[in-house]
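Heads up, the thing below is written out as structure tokens.
Here is how names work: the chains are called A, B, and so on, in the same order as the sequence lines, proteins then strands, and each is numbered from 1. If you're wondering where the values come from, they're calculated on a predicted model, not measured in any experiment.
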Amino acid sequence: MNNAATGEPLLAARDLVKTHGRTSALRGASLDLRAGEILAVTGASGSGKSTLLHCLAGIVRPDRGSVTYDGQRLDRLPEKRLSELRRTDFGVVFQFGQLIPELTALDNVALPLMLAGTPRSRAHERAGEWLERFGVRGQEELRPGEMSGGQAQRTALARALVTDPKVVFADEPTGALDSLAGEQVMTALAHTARESGTAVLLITHDARTAAYADREASLHDGTVVAEDAALEVTR
Amino acid sequence: MIAMSTRHILLGLLASGPSHGYDLKRRHDARFPQARPLAYGQVYTTLQRLVRDGLAEVEGTDSDGGPERTVYRTTDEGARELSRWAGETAPPAPFVTNEIFAKVVVSILGGGDPAAYLRAQRAAHMERMRELTAVKTAKGADLATVLSADYALNHLDADLRWMDTTAARLTTLTAEVDAA
């Protein structure tokens with residue numbers, strides 16, 4: 001069940017501090033994500049969950065503290081290298097899938113591959129395979145506005161995973177879905193991540209969604225305050 | 001108070017046609033995979049009571065190459081009773097026995113750390129929710145298993161939400177308990 005690898009964490013945050021204006025979003029948060037594991041980060045609204053995800057994914061830089069990915073200090077990488085790393089090693093899914101509305105499901109999923117230089121026909125072939133894995137077969141030519149919320153979110157997951165990333169960051173991926181569609185999205189994400197050995201950092205305020213993870217870290221006021229019994233989060 | 005009724009569940013299984021005790025037990029355990037398996041003794045005792053109360057009757061015996069077994073069928077009165085029971089709403093529990101709340105209060109009374117207790121309880125609940133999620137998402141899990149696990153998951157989730165609210169209000173609760 002728990003296929004989390006042991007040893008060095010793949011991604012490690014240490015004592016992260018991040019302030020937005022006069023608001024402290026993170027006040028010394030530390031966290032480890034190991035290769036191949038699904039880690040749920042839970043906490044109330046405003047506890048700093050999304051800011052933590054943005055720091056870990058290299059989307060924003062922390063004011064203080066370090067983020068280490070696969071031996072490299074993300075918080076010190078030049079923007080060009082960081083953006084390359086986000087394209088090759090990370091996949092991101094938000095509450096609203098953020099698919100490109102003008103593109104079909106197939107084109108949306110193929111896009112990251114084509115941006116990385118994969119020829120169009122090969123990119124489409126792989127995108128079709130990923131849509132099938134996420135149960136969106138037969139909807140390839142639909143645009144996001146023509147899909148249900150669950151289909152759109154599974155398409156967004158296919159897009160996040162199509163480049164075989166090492167880490168997928170999912171920020172409230174079921175937040176906008178009804179409970180059955182949310183379960184289908186989480187089942188698809190958990191099965192696929194475990195099959196492909198992809199680590200997932202899952203942000204959620206919902207315990208039922210967090211229960212798909214191997215373990216859980218709880219945030220409160222910008223710090224990690226509680227971990228479940230199996231958790232070894234550094235303080 | 002309507003308890004989970006073995007009588008009515010056996011009547012329900014008999015509603016699809018005459019059957020013997022062994023078969024009823026087997027069908028019960030397959031239909032309700034998360035329930036405690038029925039004991040043979042309980043099945044036979046219940047069937048005898050159904051006959052005594054006029055809700056079921058003996059149709060005959062069936063050996064089918066093996067040992068001879070008594071075959072039961074439901075009566076008209078049994079069908080009416082089943083219909084009445086199945087349509088009756090279960091009473092929503094007004095206040096369920098809440099051991100977690102009792103422990104929080106006792107912890108406050110004894111000068112303990114109710115917040116630490118709630119965190120540990122939350123971790124225990126989450127562990128069980130992960131187990132149930134693994135059961136229901138396992139390849140080949142049938143819908144009865146999924147729905148049984150969902151029932152438990154929803155109740156554990158309700159407990160968790162209550163614990164989160166309680167943890168956020170511990171200061172006020174402590175003042176109230178200490179003042180009483």
Side-chain angles (χ1 to χ4, degrees), chain A residues 1-4 37-47 49 133-135 174 178-195 200 202 204-221 223-233 235, chain B residues 34 98 100-101 103-104 107 112-174:
Chain A
M1 200 77 58
N2 184 335
N3 63 350
E37 76 169 337
I38 303 179
L39 172 64
V41 177
T42 59
S45 298
S47 58
K49 302 188 298 287
R133 288 178 81 163
F134 279 102
T174 62
D178 64 52
S179 59
L180 189 56
E183 299 214 353
Q184 288 165 344
V185 163
M186 281 312 303
T187 302
L189 174 59
H191 273 159
T192 311
R194 290 194 170 111
E195 272 170 20
V200 178
L202 171 68
T204 181
H205 68 279
D206 174 38
R208 297 198 51 181
T209 301
Y212 283 84
D214 299 311
R215 58 192 185 103
E216 179 196 23
S218 299
L219 270 185
H220 183 69
D221 279 347
T223 54
V224 176
V225 290
E227 314 92 44
D228 57 31
L231 199 60
E232 297 167 13
V233 171
R235 299 272 188 165
Chain B
Q34 303 298 312
N98 186 343
I100 302 172
F101 184 56
K103 288 193 172 190
V104 168
S107 176
D113 186 348
Y117 162 69
L118 282 172
R119 281 198 297 275
Q121 188 65 57
R122 183 181 206 289
H125 267 58
M126 279 306 302
E127 183 58 30
R128 181 71 187 127
M129 287 180 76
R130 280 192 288 273
E131 288 168 11
L132 288 163
T133 302
V135 165
K136 73 174 217 176
T137 56
K139 289 213 161 69
D142 59 19
L143 187 57
T145 301
V146 171
L147 293 176
S148 298
D150 269 342
Y151 186 82
L153 279 163
N154 279 311
H155 281 76
L156 290 166
D157 187 32
D159 279 356
L160 275 182
R161 278 183 273 122
W162 177 86
M163 283 189 259
D164 285 347
T165 314
T166 304
R169 305 178 78 181
L170 273 180
T171 310
T172 313
L173 180 66
T174 303

- Message: Is the shortest side-chain heavy-atom distance between B:N154 and A:R208 below 4.5 Å?
- Response: yes
- Message: I'd like to know if B:R161 and A:D206 make a salt bridge, using a cut-off of under 4.0 Å between side-chain N and carboxylate O.
- Response: no
- Message: Holding to ring-ring contact (aromatic ring centres under 6.0 Å, His included), I want the full list of residues that pass it with B:H155, two or more places apart in sequence or in another chain.
- Response: B:Y151
- Message: Any heavy-atom pair between the side chains of A:M186 and B:T133 that's under 4.5 Å?
- Response: no
- Message: What part of B:R128 gets within 4.5 angstrom of chain A, counting heavy atoms only: side chain, backbone, both, or neither?
- Response: neither
- Item | Value rounded to 0.5 Å, distance of CZ in B:R130 from CG in A:D214 | 8.0 Å
- Query: Would you call B:E127 and A:R215 a salt bridge, using N to O less than 4.0 angstrom?
  - Reply: no
- Note on the structure: Okay, A:A213 and chain B: the region with an atom under 4.5 Å from a heavy atom over there is backbone
- Item | Exercise: identify the closest heavy-atom pair between A:A207 and B:M126 | O-CE, 3.8 Å
- Rounded to the nearest 0.5 Å, how far does OH of A:Y212 lie from CE of B:M129? 10.0 Å
- Task: Run the salt-bridge test on B:R119 and A:E216 with the 4.0 Å N-O cut-off and return the result as yes or no.
- Result: no
- Test item: A:H191 side-chain N/O and B:T137 main-chain N/O as donor-acceptor pair under 3.5 Å: yes
- Under 4.5 Å heavy-atom distance to chain B, tell me which part of A:H220 shows up: side chain, backbone, both or neither. neither
